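Take a look at the structure below.
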Amino acid sequence: MGPKPQLLDSKGRFMLRKSFKPTCLNETIKRIALFRFFRYLPRFPKASVCASCFFYLVVLSSLSSCSQQAREDQINLGGAQSSIPQPIQALIFKSRGEPNISEMIRDSFESFGIADVDRLNQDPTQDYCSKLAENVSAGGSLKKTDQNVVDSALFEKIRIQNQSLISFPRDSIYFGDYKRGESIAQDGRGKTWSDKADQENGGNCYNCHQLSKEELSYGSLGPSLYKYGVLRGVIDLKSFNELTHNSNPSPLVQYTWGVLVNSKAFNVCTVMPRFGVPVGVSHSEPTLKEQQLKDLMSLLLDPRSPVNQ
Amino acid sequence: MQLRFEEMMNTRRNALIKGTALSALLLESLMRAEDSFAYQQSAFDAKTVAELNKSLGLSVPLESSQISLLTPEIAENGAVVQVAATTTLANVRRWIFLVEKNPIPLVAIFNLTEDVLPSITARCKFAQTSDFIAYAQLADGRVYYNKKEVKVTLGGCGG
Amino acid sequence: MQSPVLRSNPPRPKRVALSWAVLIMIWISSLTTLQAQDTLAPNAKSLPAEGSSEKAIAEYRQMLQDENPADLYVLKGKALWDQARGPKQRALSNCDLGLGGGVFKGAWTQLPRYFEDTKSVQDLESRLLSCMQDIQGFNSGELVRSDFSNPERVNLSLLAAYVASESEGLPFKVPLSNAAELEMYRAGKKLFYYRAGTHDFSCSTCHSDDSRRIRLQDLPNLTTQAGAGFAYGSWPAYRLSTGSVWTMQQRLADCFRQQRFPKPIFASHATIALSVYMGVNANGAKAAAPGLKR
Amino acid sequence: MSDPMRIRLQSVAGVTTVKVLMSHEMESGQRRGEDGRIIPIWNIQDVSASWNGKVVMTAEWGGGISKNPFMQFAVKGTKPGDKISITWKDNRGDSRTDEVLVT
């Protein structure tokens with residue numbers, strides 16, 4: 001018959017499933033931590049109402065996804081995992097230990113153009129998130145049982161590490177030209193082995209996000225950013241000028257800048273690249289230059305930008 | 001201008017024509033008069049729809065809803081876009097397929113006999129979002145047209 | 001002389017009079033058309049109403065699907081299969097793709113698999129490469145080091161398209177019957193989630209969720225049978241953007257390029273491991289190669 | 001040397017729909033190569049379709065027809081055993097003829 005409801009941890013040990021409730025709560029708390037930036041918001045009365053609504057939504061969605069997970073796990077307990085046929089699954093669970101892929105990676109890739117094999121060496125963020133994703137995929141339970149993978153202390157350590165890399169513009173000017181921002185958002189080139197080291201890289205934004213209403217060819221890996229500024233209260237030039245001319249950048253400016261520069265400071269394992277900081281153990285040049293980031297800020301927040309029409 | 005001329009020359013298949021552009025054009029129109037089946041190079045050199053109409057000696061095309069076009073609303077790749085034209089007009093002798101905003105709008109000419117239905121499907125390149133235009137020329141020389149926009153989008157990862 | 005469909009040029013003062021003339025002609029011609037419509041038979045066929053972008057793209061693909069230019073390349077691949085070629089001037093007829101010499105109906109749906117003679121797990125392309133070396137005398141090392149535009153590598157893609165086409169409609173049965181295949185599956189899975197490079201991308205960044213798209217292209221969820229079946233099961237495919245047939249090896253190489261990774265070596269273990277992962281996930285789904293891709 | 005076309009026929013009540021895929025680069029003459037120079041046009045210019053030896057349709061194509069061209073048209077009054085043949089000629093003087101029988 002099918003395998004016992006056992007799963008491997010990252011070291012290849014068999015793990016028994018534990019109850020779901022405490023870890024779900026744990027997960028919820030972690031999600032709340034992700035949105036700690038909302039603590040800035042009480043300074044803005046309107047925004048804080050929005051923020052608290054959002055906060056409850058986040059908590060609710062966490063709880064519902066936990067119970068969803070529990071349902072799925074119950075199903076899994078009764079039989080094989082859905083995507084892998086039973087006999088194969090049995091084999092997988094018989095095999096001991098995790099395969100060591102570092103040798104395979106070393107033998108399978110070669111440096112080409114500007115893409116050096118160094119890029120394959122993971123930094124702590126990449127290592128952590130790869131393991132997390134792989135284990136989550138194994139039915140969701142490893143995420144909860146393996147303290148080496150989802151250790152809230154490690155999670156927080158990596159997040160803070162990323163946060164510390166964010167630098168703010170030296171001239172305290174956060175905005176550029178939304179038209180240039182639009183072409184950076186459209187541009188999906190840069191950093192591949194067929195690109196040049198000295199070329200200006202693109203932001204790839206439309207690959208994953210809806211931005212302007214006119215561009216129909218947009219991806220859905222990230223949330224829609226259409227009307228990003230308007231929805232956050234930047235409704236006219238007057239409010240935009242308040243944003244741009246304030247010597248203390250508002251939380252909205254800080255947050256938007258922060259996500260563009262290093263998304264991993266907010267959500268450690270987000271699929272969004274870190275555009276404004278060196279990435280990986282080879283510390284490559286940031287993908288986007290400071291001026292390009294400013295142009296993207298304008299694309300998102302300037303009321304004249306196509307994003308806010 | 002100089003470059004454009006060179007491009008034009010490149011597209012000429014007839015190596016005999018080595019004179020000035022003017023004599024080349026004259027010679028070619030003479031050849032066309034002699035043999036109506038010859039490839040109409042000057043039409044395939046026309047850079048605008050107006051130039052093309054002139055080059056083919058067409059009467060003013062009239063829009064007709066009797067021409068049905070089947071084209072995709074959005075093309076995820078402008079290199080290959082399937083277009084089809086069919087009509088309830090009688091005595092169609094010729095279909096002329098155009099992509100208005102291409103550097104060379106004329107894509108194809110189909111000369112029909114009474115043995116075939118007035119329905120043609122082909123695949124065209126779209127350099128950018130553009131109207132696809134189909135002319136139906138009748139036996140009496142009258143020309144009707146219909147058009148439909150095809151949006152060409154950026155696809156893939158963009159790299 | 002002027003057609004009503006004439007595209008307007010940037011306005012110039014001396015053209016104003018002409019523009020008016022054209023406008024009046026358009027007006028007159030539209031009157032004529034309207035009159036004509038009244039007396040004419042109803043329209044032949046109503047066209048689909050405006051829908052979402054996804055629907056429109058699906059419609060675009062549907063138009064091209066039935067007459068896939070890949071079929072032209074399958075014909076070429078078939079001719080190559082039977083042709084005496086290479087330093088040894090022999091045909092590939094006896095090439096063993098896992099079901100015995102010269103048997104290839106269904107062979108592709110059981111690849112990658114472990115081969116005793118090469119003591120390794122091979123995908124379709126690497127197996128064909130072995131045959132080209134052993135039977136025809138080609139230098140496989142040289143072919144591995146060359147790129148996809150090398151004429152013999154192009155031929156390899158055509159052969160792959162032909163072999164795959166012979167399994168059309170058959171369900172995938174990629175084996176996990178020995179330790180080597182199992183290890184490759186497990187390694188492939190790890191590679192699938194391996195984030196690295198300047199953009200922190202892994203395969204799973206784009207391919208582990210349902211109904212995601214990049215720009216307008218749907219991203220198959222390769223962790224599910226449906227997604228892996230659709231993706232793994234339709235390569236080799238004709239790519240409209242390049243006007244050529246790509247195999248899974250080439251698809252993976254370009255994915256890694258976009259992933260900002262260094263270049264995968266042709267037929268390397270990592271690429272085969274990923275194919276084992278996708279192939280096993282696809283098991284049960286029906287083969288649909290050669291496909292048609294953007 | 002040119003590669004064979006793939007011609008498929010569908011006959012319904014004496015009307016045969018002819019679907020033709022041709023193997024050709026169809027270089028538009030508009031693209032630039034890596035050296036920045038225009039890649040010369042290379043395209044099928046003339047196409048003709050015959051039904052039992054009689055020309056029923058001709059076509060003139062420019063560089064705007066897609067690579068590996070597809071064309072579909074329909075012949076009226078066909079019967080099983082009729083021969084449909086397609087010929088193309090390109091601007092380099094290459095040509096190709098393929099034929100199929102109505103079933």
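Here the structure is a predicted model, which is why all the values come from computation and not from measurement. Naming convention: chains lettered A, B, ... in sequence-line order (proteins, then strands); numbering from 1 in each chain. Side-chain atoms are counted along with the backbone in the values below, which use heavy atoms only and exclude waters and symmetry mates.
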To the nearest 0.5 Å, what is the distance between [atom1] ([X]) and [atom2] ([Y])?
| X | Y | atom1 | atom2 | value |
| --- | --- | --- | --- | --- |
| C:Gln258 | A:Asn204 | CD | CG | 8.5 Å |
| C:Ile57 | A:Leu216 | CD1 | CG | 9.0 Å |
| A:Cys208 | C:Arg215 | SG | CZ | 10.0 Å |
| C:Asp254 | A:Ser194 | CG | OG | 8.0 Å |
| A:Met104 | C:His269 | CE | NE2 | 6.5 Å |
| A:Phe109 | C:Thr271 | CZ | OG1 | 8.0 Å |

Measuring heavy-atom distances to chain A, does [X] have an atom under 4.5 Å in its side chain, in its backbone, in both, or in neither?
| X | value |
| --- | --- |
| C:Ser208 | neither |
| C:Ala228 | neither |
| C:Leu219 | side chain |

Chain A contact residues among residues 192-203 of chain C, heavy-atom distance under 4.5 Å: C:Tyr193, C:Tyr194, C:Arg195, C:Ala196, C:Gly197, C:Thr198, C:His199, C:Asp200, C:Phe201
For chain A, which residues of residues 234-253 of chain C have heavy atoms nearer than 4.5 angstrom: C:Ala253
Hey, which of [options] has the most heavy atom pairs under 4.5 Å with chain C?
| options | result |
| --- | --- |
| A:Pro278, A:Ser130, A:Cys129 | A:Ser130 |
| A:Gly190, A:Gly280, A:Pro286 | A:Gly190 |
| A:Gly219, A:Ser217, A:Ala133 | A:Ser217 |

Contact winner vs chain A - C:Ser268, C:Pro262, C:Ala270, heavy-atom pairs under 4.5 Å: C:Pro262
Residues, nucleotides or ligands: over 12 heavy atoms within 6.0 Å of A:Gln309 CD: yes
Over 12 non-hydrogen atoms of neighbours within 6.0 angstrom of CD in C:Glu54: yes
C:Phe138: side chain to side chain contact (heavy atoms under 4.5 Å, CB included) partners, not counting sequence neighbours: C:Arg85, C:Pro87, C:Met132, C:Gln136, C:Leu143, C:Glu152
Test item: C:Cys206 and A:Leu221 side chains (from C-beta on) under 4.5 Å apart, heavy atoms: yes
Heavy-atom check, side chain of C:Gln259 versus side chain of A:Arg119, under 4.5 Å: no
For C:Lys263 against A:Phe112, the heavy-atom pair lying closest together: NZ-CZ, 3.3 Å
Part of [X] within contact of chain C (heavy atom distance under 4.5 Å):
| X | result |
| --- | --- |
| A:Glu215 | side chain |
| A:Ile105 | side chain |
| A:Thr270 | backbone |

Salt bridge present between A:Glu134 and C:Lys190 (N-O < 4.0 angstrom): yes
By ring pair (Phe, Tyr, Trp, His ring centres under 6.0 Å) - contacts of C:Tyr60 (at least two apart): none
Flag, side chain of C:Arg213 to backbone of A:Tyr218, donor-acceptor distance under 3.5 Å: yes
